Amino acid sequence: MQYMLLIYEPEDIYEGPAGEALLVDVVAKYTALSEEMAANGVLRGGDGLQPSATTVKTLVGGGQSLHDGPFAETREHLGGYFIIDVPDLDAALAYARRVPVAEGGMVEVRPIAIY
Amino acid sequence: MTDAGQAIAAARSQVVAALAARLRDLDQAEEAFAEACAAAIPAWRRDPPRDPAAWLWRAALRNAFDAKRRLAVRTRAVHDERPPAPTPEDELLAADAPIPDERMRLIFVCCHPAVGPEARAALTLKVVCGLSTERLARAFLVAEPAMLQRITRAKRKIRDAGVSFEVPARDAWNERLEAVLATLEIAYAQAYQDAGLTEDAAPFAEEVLRLSGQLAELMPREPEVLGLAALVRYAEARRPARLDEGGAMIPPSLQDVLLWRADLIAEGVRLLDNAARHGEPGPRQLMAAIHGAHLSRRETGVTPWADIVSLYDGLMHFRPDPVTAVNRAVAVGEARGMREGLAALEAVPGGGRLAAWLPYQAARAALCEGAGLAADAASAYRAALSLKPAPAERLYLERRLAGLALSR
């Protein structure tokens, strides 16, 4: 079964010199995890996303409209994702637990629908 | 119940679990079993089966495979031709293999963290134990449609999220086992509340006895698993003594020890001794030890209330909740005097909400009565009676209230 791991994090933790050092460390961990996923033959895709400030969205409701940014109320933003192909939910959760998500963040595990 | 009905009820949990493990879909398993049961009644009248469980297992498997084939035909628009024989399904149906016992796997599926905690116990009792939605709705105090929806959603999530039909690997036990133990505890509480095993609480108790014993065999190194199995055995051992001839509840310290079941007590002692060897106390072991302390009256003739208070102190460490604190206060009253018990009860946090909680009012009534505060006791008994006690407890409370009026 394919699962998408959606990684949500507070973005401000990567601000400032300490944040930059953290980012270097975190990127190394992500690289190691995705290399392991690839070696295990489960990785189907995955990327980091640019900060939420780069967002442009189209909203539908009374016609379409363009908006320049994310919803301000949420502090955690979607920062990246993996798509993995594993036998079952427990295997997906085992990988999700190993995502080096920062304190205050979370990983959402969603089965991918087959139409 | 008819003979066929009894045979079906006896076979149900094993056959449904085996079907679910094989089909990896709880709904399909239940449907295939229901179809097999409907076919069994007339078929068995003509030709009684040698092994009803095996008959149902094969019939239900055939139904499930047929349903799958029909679906494949519809979605792929191929001709309805049976694939060349023998398919793996044919081989399975032809083999005289025993029905695999998959009930433990099924419990772990029903108690998966992907299923909301409030749905796990209901789903386990429905799927593993075969209790009706209507009975579960009553037990968990929700309307039947709400219970049906809760169970349906949980089943759908298990299927769509790809929950594995395996007993989890050892490194994942901690989290998964806790969910299973909590579920069995909730399930057993349903049976225990009903002192007389009226209506259909009996299957709750039977199933939890069996499942907890099976879990203890499977995981003999997990002290809390052994503790739960011991707890259930100790509590069930007292069941024959919990009601008087009029159907009123009798508290443990006044029960006739000769009615307690020696076989279950012996099993409980063995389990709890094994658990204690690990030197890792936990809430289920402590609760079992509290039941065990009550049972020791069989040998000594007295209830060791001071020991029971110490055990509750230990339990408070794991479960600092009003349930534990109220029970502890009652034990304090017996061990150190009713006034001290009342003081302990008044110190239970929970504020005004406690007043609307039956165990609190029942405890207050007993402590006030023991302390000679007849008017306070009477008002607490009346408050307890207004909170819808089960029939056996209602009779007991009514009798205490009446006794209070006489002694004045």
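In this text the structure is predicted, and so the values were computed from the model without any measurement. Lettering follows sequence order; numbering is per chain, from 1.
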With sequence neighbours left out, write down each residue that passes side chain to side chain donor-acceptor pair (under 3.5 Å) with B:R24, or none if nothing qualifies. B:E166
Under 4.5 Å, heavy atom to heavy atom: which of residues 21-40 of chain A reach chain B? Give them by number, or say none. none
May I ask you to test the A:M1-B:D160 pair for a side-chain heavy-atom distance under 4.5 Å? no
Tell me whether the count of non-hydrogen atoms from other residues, nucleotides or ligands lying under 6.0 Å of CZ in B:R319 goes above 12. yes
Listed by number, the residues in residues 80-91 of chain A that come under 4.5 Å of chain B (heavy atom to heavy atom) are A:D88, A:L89, A:D90
Salt bridge (Lys or Arg N to Asp or Glu O under 4.0 Å) partners of residues 208-227 of chain B, not counting sequence neighbours, each pair once: B:R170-B:E222, B:E207-B:R210, B:E224-B:R284
Identify which of B:G162, B:A114, B:P168 forms the greatest number of heavy-atom pairs closer than 4.5 Å to chain A. B:G162
How about NE2 on B:H317, more than 12 heavy atoms from neighbouring residues, nucleotides or ligands closer than 6.0 Å, or not? no
Minimal heavy-atom distance between A:P111 and B:A161, with the atoms involved, is CG-CA, 3.5 Å
